[in-house]
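Everything on this sheet refers to the single structure shown next.
One-based numbering along the sequence shown.
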Amino acid sequence: MSSHLIPRLSHSLSVLSGRNAKDVLGIEERRENIRLVAMLGFVVALLFSVFNILLTPYLLLGLIEAGCALGLLLPALSLSRHDGWLLQAETLVMLCGIIIFGALVILGGVGGTGLFWAYTFPFLAFFMKGQRAGWRWTLGFLFGVCIALPGLRGQHFAYPYAAVQIPHYLSSLLFITIIASCFNLLRSRFQEKLDSAVLHNTDAAQTYLNQLQYLALHDHITGLPNRTRLDTILAEEVQQAAHRHSSLVCIFLRLQRMPEIANIIGSTGTDELMQQLSRVIQRELGQHGVLGRPGREELLVLFRLDTNKVDAQRVINRIRRHNLSFVINGFPVHVEFTSGVAFYPAHATDAANLVRKSEQAMLRARHEDSDVCIYDPEQEKQFVQYHYRFGRLRKALDRGDLVLHFQPMINLRTGQISCAEALSRWFDPDEGFIPPDQFIPIAESSGLINHLTRWSLRQAMMQCQQWQDVMPGVGVAINLSSRSLHDPQLTATLLDALLDSDIAPELVKLELTESILLGAPEKVMAVMREIIAMGMQLAIDDYGTGFSSLAYLKQLPAHELKIDQSFVRQLTTEDGNLAIVDSTIALAHNLGLLVVAEGIDTEETMQQLWLLGCDTGQGYYFGKPMKADDFRVWGQRYRFTPPNMIAPCPLPRT
């Protein structure tokens with residue numbers, strides 16, 4: 001029993017004495033404690049000093065209290081403002097306590113009540129100095145009281161305590177000291193736990209903050225720098241390259257077919273693929289380059305070069321030829337990419353422009369269906385002009401700045417005007433006339449083509465209706481882009497335009513290039529059948545320039561075949577063109593199609609086509625594209641007599 005009691009008692013005394021206690025109070029806490037005790041003590045000491053000075057014979061006690069308040073507590077407040085003087089400030093507060101409470105014990109105060117106020121000192125000592133130092137100050141005070149009370153007993157200035165009071169008071173003061181120590185121990189433990197919890201939470205918060213900062217600067221799949229981090233890295237690399245007088249090559253990679261690959265191997269498989277791919281490229285770069293992931297399907301390579309040309313070409317060829325084949329979830333996956341290349345300092349002298357120009361080169365490579373493209377300033381002009389015109393074209397469509405011109409199409413057998421092709425024309429206030437071959441591709445590649453097509457259909461049919469009173473039966477031909485056939489609103493647009501213009505559907509001819517068959521032929525032919533069912537006619541435009549199959553051609557629900565002008569303009573000078581046109585006319589007639597030849601600029605060409613049996617002609621020989629009002633006037637005056645000879649072949653079936 002005793003063997004267990006002694007160690008426990010020893011441990012309790014050790015804990016109570018604060019031998020292993022930690023100093024948990026920081027600078028700010030110590031400063032606040034000093035200010036709290038000093039200000040409170042200053043007010044109380046002054047109040048009691050006034051009270052004691054006015055009540056004789058306690059003048060000495062009042063002067064001691066006033067002197068300590070002014071001479072010790074005020075300086076302690078002043079010193080507490082500076083971190084390096086906190087210990088001195090604490091010492092002044094403790095000396096003030098010893099002097100005032102010691103004076104209260106010795107002088108007694110009113111009726112000897114000073115003894116009771118001295119019980120406050122142990123609590124003050126532990127509060128200000130902690131467990132270990134608090135014991136030293138309190139025991140020192142207790143030792144001083146033990147000596148002073150018996151030694152000064154009987155002096156005229158000392159309070160006349162009874163002999164029995166002194167040992168009882170000293171015992172009670174020691175007991176109060178133990179109680180104060182226990183209270184401070186509880187406070188210290190609570191403070192330690194609180195600080196430990198705060199520290200733990202702070203560490204956890206710092207960990208989360210570090211993770212957030214990492215994720216803000218890195219791709220969470222591959223761990224590569226993201227676009228934000230790359231901006232900083234590239235700026236540093238450019239600065240170092242400028243200092244070394246060396247070069248950099250920036251390669252912007254856009255991975256191809258990633259949505260299709262992700263659909264096969266899943267999202268986790270895609271993540272694994274990106275991890276393996278980044279490791280392979282990083283291994284190729286070694287210590288000479290930086291790899292980042294600015295976007296989901298994008299990678300950026302920055303490679304340090306010793307020379308501008310030889311090493312650059314080696315890097316480009318390595319990336320172009322690298323076999324990036326992997327096996328993900330049991331599926332073989334080959335990664336292909338389109339790349340754009342820009343050099344520092346040849347193409348850009350700062351990081352932002354270097355990346356922008358490499359990305360611009362990549363976009364150019366995609367447009368040209370190429371694996372790699374090196375930045376070219378001339379391409380940037382075209383790139384900027386493309387986007388500039390895209391914005392202006394959108395505004396022009398919204399404002400109605402585009403107009404339609406009409407070029408006549410002549411029946412070579414009767415000489416009558418059979419139709420007029422509607423051609424879009426754009427006159428920009430800043431650039432002037434912009435040819436269709438420049439703005440139509442912009443519309444087709446940007447999605448504006450559907451808007452342009454709807455406008456063309458409505459305007460062309462309205463004009464056709466207006467010239468019926470002077471040119472009855474003359475129809476209108478309108479070009480349709482292959483993209484327009486994928487517009488789900490196409491048939492509704494056609495019906496609305498027919499109803500608004502109130503013209504017969506057979507007066508409307510829609511011209512489609514043979515390239516429409518390269519996309520989704522079944523879907524395209526289904527749309528074409530819907531158009532035929534509405535009563536409109538279809539013509540295959542620019543025949544001979546595409547790569548359509550004859551198997552598809554014979555299935556097309558078309559009425560006409562339009563021979564491209566590149567064959568017609570040199571019809572009389574090149575035997576090859578003559579053979580192509582002759583065979584095309586024969587093929588079309590055998591398939592039951594009428595034949596239209598565009599690009600007829602001379603009478604000789606017109607006569608040759610008449611001899612070959614061509615049905616309809618179009619070109620400058622008959623008339624250039626004209627504004628709607630000009631075409632109306634021209635049509636009223638037009639007279640044409642076909643060659644006075646027998647047609648070499650019968651009319652095709654309709």
Side-chain angles (χ1 to χ4, degrees), residues 257 259-260 263 369 409 419 421-424 440-441 443-461 464 475-564 584 587-596 598 615-616 652-654:
R257 302 185 302 105
E260 294 88 343
N263 187 263
D369 197 21
M409 302 169 70
C419 190
E421 182 178 5
L423 301 168
S424 300
I440 294 296
E444 288 185 331
S445 62
S446 64
L448 289 177
I449 190 63
N450 291 335
H451 189 175
L452 178 60
T453 299
R454 297 186 190 109
W455 172 82
S456 300
L457 290 171
R458 188 174 299 275
Q459 293 296 317
M461 292 187 194
C464 181
V476 64
I478 309 165
N479 289 283
L480 280 186
S481 166
S482 59
R483 284 177 173 261
S484 298
L485 291 180
H486 296 278
D487 180 8
Q489 302 298 321
L490 177 62
T491 55
T493 301
L494 289 170
L495 285 172
D496 290 342
L498 285 173
L499 293 174
D500 292 342
S501 61
D502 194 26
I503 62 173
E506 58 268 17
L507 294 178
V508 180
K509 183 193 304 180
L510 302 178
E511 296 188 355
L512 309 167
T513 61
E514 56 179 323
S515 61
I516 60 172
L517 300 173
L518 298 178
E522 294 300 327
K523 182 178 181 179
V524 168
M525 285 194 280
V527 175
M528 294 173 68
R529 293 189 187 98
E530 290 183 16
I531 294 173
I532 295 297
M534 294 166 61
M536 289 176 279
Q537 299 186 15
L538 288 176
I540 305 302
D541 195 12
D542 298 336
Y543 183 77
T545 61
F547 304 94
S548 62
S549 168
L550 292 178
Y552 284 124
L553 181 61
K554 71 178 182 178
Q555 299 177 27
L556 287 176
H559 300 85
E560 287 185 354
L561 194 66
K562 197 170 185 180
I563 303 175
D564 186 70
T584 300
L587 173 65
H589 285 167
N590 289 331
L591 293 174
L593 303 176
L594 294 173
V595 179
V596 180
E598 60 178 346
D615 304 293
T616 305
R653 66 184 187 275
T654 59

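Residue pairs meeting the salt bridge (charged side-chain N to carboxylate O under 4.0 Å, His left out) criterion with at least one partner in residues 524-535, sequence neighbours excluded, are absent. For residues 480-492, the pairs satisfying salt bridge (charged side-chain N to carboxylate O under 4.0 Å, His left out) are R454-D487, with sequence neighbours left out.
Scored by the side-chain contact (heavy atoms from CB on, under 4.5 Å) test, C419 finds M409, A477, K509 as partners (sequence neighbours excluded). By the side chain to side chain donor-acceptor pair (under 3.5 Å) test, E511 is found to be paired with K562, residues two or more places apart in sequence or in another chain being considered. Legend: residues meeting side chain to side chain donor-acceptor pair (under 3.5 Å) with N479, ordered by chain and number and at least two apart, are E421. Under the side-chain contact (heavy atoms from CB on, under 4.5 Å) criterion, A533 pairs with no residue, sequence neighbours left out. Here D500 pairs with R458 under the side chain to side chain donor-acceptor pair (under 3.5 Å) rule; sequence neighbours left out. Remark: I532 pairs with L538, P557, H559 by the side-chain contact (heavy atoms from CB on, under 4.5 Å) rule, at least two apart or across chains. In terms of the side chain to side chain donor-acceptor pair (under 3.5 Å) criterion, residue partners of E444 (sequence neighbours excluded) are, by chain and number, S481.
Residues I449 and S484 are in side-chain contact: their nearest non-hydrogen atoms beyond the backbone lie under 4.5 Å apart. Side chains of D541 and V596 form no contact here, defined as non-hydrogen atoms less than 4.5 Å apart. At least one side-chain heavy atom of L498 sits under 4.5 Å from a side-chain heavy atom of M536. Under the 4.5 Å side-chain criterion, counting only non-hydrogen atoms from C-beta, D496 is not in contact with L457. Residues L561 and L594 fail the side-chain proximity criterion, which asks for heavy atoms closer than 4.5 Å.
The two residues D615 and V595 make their nearest non-hydrogen contact at OD2-N, 2.7 Å. Between E560 and L593, the shortest heavy-atom distance links the atoms N-CD2, 4.3 Å. The nearest pair of heavy atoms linking I563 to T584 is CG1-CG2, 3.9 Å. Between A422 and V476, the shortest heavy-atom contact is CB-CG2, 4.2 Å.
One distance of note links OG of S456 with CD1 of I478; it measures 7.5 Å at 0.5 Å rounding. To the nearest 0.5 angstrom, I440 atom CD1 is 5.0 Å from S424 atom OG. Put simply, CD on Q489 and OG1 on T453 are 13.0 Å apart, with the number rounded to the nearest 0.5 Å.
A donor-acceptor pair is defined here as one N or O able to donate and one able to accept, closer than 3.5 Å; such a pair exists between the side chain of S501 and the backbone of A497.
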Just do the side-chain contact (heavy atoms from CB on, under 4.5 Å) check on L512 and M528 with the steps written out, would you?
-> CA-CA 10 Å; L512 309 167; M528 294 173 68; 4.0 Å; yes
